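Ligands are counted one by one from 1 in listed order, and the atoms in each one are counted from 1 as well. All residue numbers refer to positions in the sequence shown, counting from 1. Quick caveat, the model's predicted, so the values are computed rather than measured.
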Amino acid sequence: MDTYAVFGHPIAHSKSPYIHAAFARQTGQALLYTAIDAPREGFRDAVMQFRAQGGKGANVTVPFKEEAYRLAGVLSGRARLAQAVNTLRFDGAEIYGDNTDGAGLVQDLTANLGVVLAGSRILLLGAGGAARGAIPALLAQGPARLTVANRTPARAEDLAREFAALGQVSASAFGTLAPEYDLVINATSASLAGDLPPLPESVLAGAQFAYDMMYGAAETPFLALAGKLGCARRADGLGMLVEQAAEAFLLWRGVRPQTQPVLLALRQQLTGC
Ligand code: ATR
């Protein structure tokens, strides 16, 4: 049977094995998908061993996406732009690296949530790996404007400069943001610490949609604040997780699974109802 795995550290709570098993059942594909906890210094060895044992492909998560980018001998255009790889495919002697995170975000926003990105004003919070992966995919949708805001403004400026050729992208500090955005996306890791990006409340109050790439059983602090400030439409990153997985599945198996039933089941597991 073809085998796949997700590599990360830690990885015990990864939902990827569940998601890919569900995709395999739904599409009638025979495959086995496991989670592998690689030691911090042992990612490359762990992947090579998995491949030597016949592994066909892998997903890669925190903290190995940049290392996977360096490991891949052939890169997709979007992986090159993101400078990070979340999907590997072992093609004979070659290791092909792709990044499906940005596509997963856009698919969740547009297909699942009905957000129109073309012509919209988007504010992206954060300038780390998660933001970097999102920028090219968002710009490809033709927003009127994409502003990247970050606690360390220089990192946002670097990203805006780097992606300037792809569309209308600029940088800002948090404090000077004006309430002029339709969609605000939190790509910071602040929620992990139960923290909030320090943006003016008016920015969230005036937005039509707030999206957090993080997810959890309870609403993230960012989404809870958006709700309190009157932003009616909100979503967390569970849909993005399922959509990036579907893109990876397509790359490996040549068929795109239906994501809705899997997303629904995951949501029920997460909230316990
Ligand atoms: P990831 O790959 O998840 O994006 P990262 O590359 O470490 O992780 O980037 C984390 C992002 O979250 C950065 O934009 C970081 O801001 P800085 O560049 O100023 O460090 C942001 N971040 C983390 N904690 C934050 C907090 N408490 N408030 C605001 N921004 C935060």
Worksheet item: Quick one: do the D98 and S76 side chains pair a donor with an acceptor below 3.5 Å?
Response: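 D98 vs S76: donor-acceptor pair found between side chains.
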
Identify all pairs of nitrogen or oxygen atoms, one from ligand 1 and one from the protein, separated by less than 3.5 Å, and list them with distances.
unit_1	atom_1	unit_2	atom_2	d
ligand 1	2 (O)	G129	N	3.3
ligand 1	4 (O)	G129	N	3.0
ligand 1	4 (O)	A130	N	3.0
ligand 1	6 (O)	G129	N	3.2
ligand 1	12 (O)	S189	N	3.0
ligand 1	12 (O)	S189	OG	3.4
ligand 1	14 (O)	A127	N	2.9
ligand 1	14 (O)	N150	OD1	2.7
ligand 1	16 (O)	N150	OD1	3.3
ligand 1	18 (O)	N150	ND2	2.8
ligand 1	18 (O)	R155	NH1	2.7
ligand 1	19 (O)	R151	NE	3.1
ligand 1	19 (O)	T152	N	3.0
ligand 1	19 (O)	T152	OG1	2.5
ligand 1	20 (O)	R151	NH2	2.9
ligand 1	27 (N)	D195	OD2	3.1

Worksheet entry | Check: E247 main-chain N/O paired with W252 side-chain donor or acceptor under 3.5 Å |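 Looks like no, no N/O pair under 3.5 Å.
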
Worksheet item: Does CD belonging to Q83 count more than 12 external heavy atoms closer than 6.0 Å?
Response: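 More than 12 heavy atoms, drawn from other residues, nucleotides or ligands, come within 6.0 Å of this atom.
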
Discussion item. Does anything in residues 102-112 form a side chain to side chain donor-acceptor pair (under 3.5 Å)? List the pairs, not counting sequence neighbours.
Written reply: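 Listed once each, the pairs are D108-N112, D108-Y211, N112-E243, N112-Q260.
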
Worksheet entry | For D45, salt bridge (charged side-chain N to carboxylate O under 4.0 Å, His left out) partners two or more places apart |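 Listed in chain order: nothing, the list is empty.
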
Worksheet item: Which pairs count as ring pair (Phe, Tyr, Trp, His ring centres under 6.0 Å) when at least one residue sits in residues 123-182, sequence neighbours excluded?
Response: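 Checked against ring pair (Phe, Tyr, Trp, His ring centres under 6.0 Å) - neighbours excluded - no pair reaches residues 123-182.
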
